[in-house]
Amino acid sequence: MASMYIIKVELFRDRIVDIDKRSKKVDEPLKKTFQNMLLGYQRETFLRFLKARDGNVLIACKMLTDCLNWRIQNEIDFTLAKPIVPNDMYRAIRDSQLVGMPGYTKEGVPVIATGVGLSTYDKASIHCYVQSHIQMNEYRDRVILPSATKKIGWYIGTCINILDMTGLKLSALNQIKLLSAISTIDDLNYPEKTDTYYIVNAPYIFTACWKVVKPLLHERTGKKVQVLSGSGRDDLLKIMDHESLPHFCRREGSGSSKIARNEMVSDCFSLDHPYHQQLYNYVKE
């Protein structure tokens with residue numbers, strides 16, 4: 001299977017080169033955003049799009065072209081230079097769109113944490129939340145992943161995502177339009193950037209919500225979802241050190257709400273967390 005994909009990557013590259021040669025006029029914006037997206041990893045990028053379309057070279061090429069046009073039309077290359085203002089608005093978004101990065105796995109893969117159950121998405125417009133999500137995607141791709149690659153010594157191009165369902169209610173389905181928009185952006189323009197989605201702290205209501213949400217996800221995305229028991233602490237410690245566990249996974253045991261005694265726990269969703277401070281300063285500068 002791996003060798004087959006390597007052959008298809010070569011076919012993919014040849015087709016892109018052929019399209020470029022046959023173009024009467026080089027589309028400079030398209031070429032520039034292509035290089036910005038590759039970040040020097042052409043083969044790995046082609047492989048992501050191929051996997052997202054089950055190895056179909058023609059469909060993967062169209063997907064890549066559509067993605068590049070989306071980047072140009074929405075000025076994605078410049079999104080990190082467009083801070084969400086005023087500051088109070090940015091803080092309100094961070095308080096209602098709970099995302100953070102508590103650390104890395106033992107193999108150097110970034111760990112993204114998402115507070116699904118307690119995110120309210122009610123402090124700003126859908127546009128602002130989508131902009132925030134895209135900024136975090138671009139910061140991940142341009143800063144976090146290259147830094148992880150340099151630190152570990154080999155290519156790191158994906159993350160894992162831990163989804164905290166604490167506080168989940170049926171009313172969360174009222175945000176289905178926004179969540180669908182974000183999911184579609186990820187599926188079409190940031191394919192194969194997440195290895196696994198771990199769901200933790202799932203209340204009984206999760207099953208009902210999942211029946212509604214799962215059909216809206218791309219099939220490949222749905223297959224990456226794993227529901228862990230309780231806080232997921234024991235399972236997650238198999239792939240990451242204790243320091244990288246998000247605060248909501250540090251409960252003492254299955255079904256327990258207690259965190260180990262004398263443990264200082266940093267809320268990775270907080271605007272004061274190093275991840276958010278670094279992201280904020282990067283955009284500001």
Practice task
Taking all non-hydrogen atoms of both residues into account, name the closest pair between C209 and K169 and its distance.
Solution key: SG-O, 4.1 Å
Exercise for the section: Give a yes or no on this: more than 12 heavy atoms of other residues, nucleotides or ligands lie within 6.0 Å of atom CD of E107. Expected result: no
Problem - Between T221 and Y197: side-chain donor-acceptor atoms closer than 3.5 Å - result: no
Handout entry: Atom NZ of K224: over 12 foreign heavy atoms under 6.0 Å
Key = yes
Exercise for the section: Measure the OG-CD1 distance between S229 and I199 for me, rounded to the nearest 0.5 Å. Expected result: 13.5 Å
Problem - Candidate pair S132 and Q97, rule side-chain hydrogen bond (donor to acceptor under 3.5 Å, both in side chains), full reasoning - result: CA-CA 9 Å; S132 169; Q97 183 183 36; 2.8 Å; yes
Exercise for the section: Just say parallel, tilted or perpendicular for the rings of F34 and F46, cut-offs at 30° and 60°. Expected result: parallel
Fill in the blank from the handout: Heavy atoms of S244 and M240 approach each other most closely as O-SD, 3.7 Å
Completion exercise
On a heavy-atom basis, the closest approach of V99 and H276 is O-NE2, 2.6 Å
Fill in the blank from the handout: Sorted by chain and residue number, the side chain to side chain donor-acceptor pair (under 3.5 Å) partners of T33 (sequence neighbours excluded) come out as R71, D77
Handout entry: K62: side chain to side chain donor-acceptor pair (under 3.5 Å) partners, not counting sequence neighbours
Key = D66
Handout entry: Distance-only donor-acceptor check, side chains H133 and D186, under 3.5 Å
Key = yes
Completion exercise
For F49 and L188 the tightest heavy-atom approach is CE2-O, 4.2 Å
Indicate every side-chain donor-acceptor pair of residues 151-163 with a distance under 3.5 Å to a residue at least two apart or in another chain.
from : atom 1 : to   : atom 2 : distance (Å)
T158 : OG1    : D195 : OD1    : 3.2
T158 : OG1    : D195 : OD2    : 2.7
N161 : OD1    : T114 : OG1    : 3.1

Problem - Min side-chain heavy-atom separation I84-Q135 under 4.5 Å - result: yes
Problem - Straight-line distance of N74 CG to Q131 CD, nearest 0.5 Å - result: 11.0 Å
Handout entry: Ionic contact status for E219 with K223, cut-off 4.0 Å
Key = yes
